[in-house]
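Right, one structure below, let's go through it.
Residue numbers count from 1 along this sequence.
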Amino acid sequence: MWEFSLNLTDGDLANFLTTSLKNTASVEGGVVTSHIQNGNNCVLIAVPMIKRERMENILTRLITEIICTFYKSSYLDKHLNLPTHEKIGLVAFKKALLNFDRETDYYIIQKNLTFDKDLYLDSFYQFRLGSLKSKWKELVSLANENRDYLISSESFIDLLKFLVDNLDICEREVSVFEEDNGYKICLDGEGEGKLLNEEALVSSIIDLSPQKIHLYCNAMNKATNLLEQIFDQRIIVKTSSSCTQMKKR
């Protein structure tokens, strides 16, 4: 059997890892358990030696995603110092920074990631990923140094649009439908199944980074206006009022 211990301080992340790995390990003839030891959350993985490479690939994907999402989000919260804008704009800006040049982030993490007997995730992040944090620091410093320039809403939108334009395309086409209590996103004709508020809508669309967006809404608001501005030629907006006007013609 190949055995591996992944240790981290955040209990929610440990639960996420345990849940994500359990089914896969079971299918491969292995087991995943977790416990708390000396203040650390320990996720223990054991699979037949023949399945080691497959499990390492799955762990690599999960660890990379955790660092690029949770650790980077925490870094941005701590170091980003932007002028006051509409909250929805700041949510969008942070989400765009979170996804910006993610391919390079993945490469740096995976180049430094090795699987021996155990891995302390916080220590790995603090001491092995100096080049990754330096990269994030340059991005945040550039935004902070141009803080006065970004006080202008037009300048802020220009920078946000630049970031969004330079994200990797993740989806070819998405449709957004406004319902009574929120919005639903459909991918390939299938909805995600949950209603999103305005902030979650903007955040999700930036995460998806689609090549084309079809937005159907009752009327324009802060969220839909922002999406129309930053996605520009990639979004087609159809409101109830515009459809009514077309019918009258």
Side-chain angles (χ1 to χ4, degrees), residues 65 68-70 72-73 76-77 80-102 139-140 142-144 146-249:
E65 192 62 34
C68 287
T69 301
F70 296 100
K72 188 174 183 179
S73 179
L76 293 176
D77 285 340
L80 199 59
N81 181 27
L82 293 178
T84 302
H85 283 275
E86 292 284 354
K87 183 181 178 183
I88 199 165
L90 293 176
V91 168
F93 191 80
K94 179 185 170 185
K95 180 62 70 170
L97 286 180
L98 196 63
N99 287 284
F100 187 75
D101 196 22
R102 183 164 278 210
L139 188 62
V140 169
L142 183 62
N144 289 341
N146 288 278
R147 186 178 188 279
D148 293 338
Y149 169 75
L150 295 177
I151 290 175
S152 162
S153 293
E154 185 177 342
S155 300
F156 182 80
I157 293 297
D158 285 344
L159 179 56
L160 182 52
K161 186 178 183 304
F162 168 80
L163 291 172
V164 168
D165 282 346
N166 283 277
L167 299 181
D168 291 335
I169 299 295
C170 298
E171 296 290 338
R172 188 181 67 83
E173 191 169 319
V174 303
S175 296
V176 179
F177 298 92
E178 182 177 359
E179 300 195 359
D180 290 340
N181 299 309
Y183 299 85
K184 273 195 175 181
I185 297 175
C186 292
L187 306 176
D188 298 323
E190 296 185 4
E192 289 193 339
K194 61 180 180 179
L195 284 173
L196 304 173
N197 62 25
E198 292 180 13
E199 289 178 14
L201 170 65
V202 171
S203 183
S204 296
I205 292 296
I206 293 174
D207 265 340
L208 293 170
S209 186
Q211 188 171 6
K212 182 176 287 187
I213 306 164
H214 297 277
L215 173 60
Y216 303 90
C217 58
N218 299 325
M220 300 297 284
N221 55 34
K222 291 176 182 178
T224 53
N225 279 326
L226 183 61
L227 288 173
E228 188 175 40
Q229 286 176 297
I230 61 178
F231 282 96
D232 196 19
Q233 301 297 318
R234 293 155 62 185
I235 187 169
I236 300 170
V237 180
K238 295 182 181 179
T239 64
S240 297
S241 57
S242 65
C243 290
T244 301
Q245 289 174 1
M246 288 180 67
K247 287 178 182 178
K248 287 181 178 179
R249 291 176 187 175

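The line from CG of Asp232 to CD1 of Ile157 is 11.5 Å long, rounded to the nearest 0.5 Å. Atoms OH and CG, on Tyr183 and Leu195 in that order, are 11.0 Å from each other to the nearest 0.5 Å. Atom SG of residue Cys68 and atom CG of residue Asp101 lie 10.0 Å apart, to the nearest 0.5 angstrom. In this structure, CG on Asn99 lies 7.0 Å from SG on Cys170, to the nearest 0.5 angstrom. Between the CD atom in Glu198 and the CG atom in Asn225 there is a gap of 10.0 Å [rounded to 0.5 Å]. How far CD of Glu179 is from NZ of Lys184: 5.0 Å, rounded to the nearest 0.5 Å.
Two residues are said to be in side-chain contact when any heavy atoms from C-beta on lie closer than 4.5 Å; His214 and Glu173 meet this criterion. Considering only heavy atoms from C-beta on, Ile235 stays 4.5 Å or farther from Ile205 through its side chain. Counting heavy atoms from C-beta on, the side chains of Phe156 and Leu90 come closer than 4.5 Å. By the 4.5 Å heavy-atom criterion applied to side chains, Glu154 and Asp158 are counted as neighbours. Proximity of Leu208 to Leu187: side-chain heavy atoms (C-beta onward) are separated by under 4.5 Å at one or more points. Glu65 has its side chain within reach of Arg102: a pair of non-hydrogen atoms, C-beta onward, lies under 4.5 Å apart.
Contact between Ser73 and Leu98 at its shortest, heavy atoms only, is N-CD1, 3.6 Å. The nearest pair of heavy atoms linking Val91 to Ser203 is CG1-CB, 4.3 Å. When every heavy atom of Glu228 is checked against every heavy atom of Val237, the shortest pair comes out as OE2-CG2, 4.0 Å. Nearest heavy-atom pair across Asn81 and Asn144 is N-OD1, 2.7 Å. Contact between Ile88 and Leu226 at its shortest, heavy atoms only, is O-CD2, 3.9 Å. Taking both residues in full, the closest heavy atoms of Val164 and Ala96 are given as CG2-CB, 4.4 Å, listed atom of the first, atom of the second, then distance.
Look at Lys222 and Glu199 and you find no salt bridge, because none of the NZ, NE, NH1 or NH2 atoms lies under 4.0 Å from a carboxylate O.
Between the side chain of Lys72 and the backbone N or O of Leu97, at least one donor-acceptor pair lies under 3.5 Å. Arg234 contributes a side-chain N or O that, together with a main-chain N or O of Pro210, makes up a donor-acceptor pair within less than 3.5 Å.
Under the 3.5 Å distance criterion, with hydrogens and angles disregarded, no donor-acceptor pair is assigned to the side chains of Ser204 and Lys95.
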Exercise. Could you walk me through whether Phe93 and Ile230 pass the side chain to side chain contact (heavy atoms under 4.5 Å, CB included) check?
Worked result: CA-CA 11 Å; Phe93 191 80; Ile230 61 178; over 6 Å; no
Exercise. Hey, mind stepping through Leu227 and Leu201 against side chain to side chain contact (heavy atoms under 4.5 Å, CB included) and telling me if it holds?
Worked result: CA-CA 9 Å; Leu227 288 173; Leu201 170 65; 4.0 Å; yes
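Heavy atoms from other residues, nucleotides or ligands lying under 6.0 Å from NZ of Lys161 number more than 12. More than 12 heavy atoms of other shown residues, nucleotides or ligands fall within 6.0 angstrom of atom CG in Asp77.
Ring-plane geometry between Tyr216 and Phe177 is classed as parallel, the angle between the planes falling under 30 degrees on a 0 to 90 degree scale with a further cut at 60.
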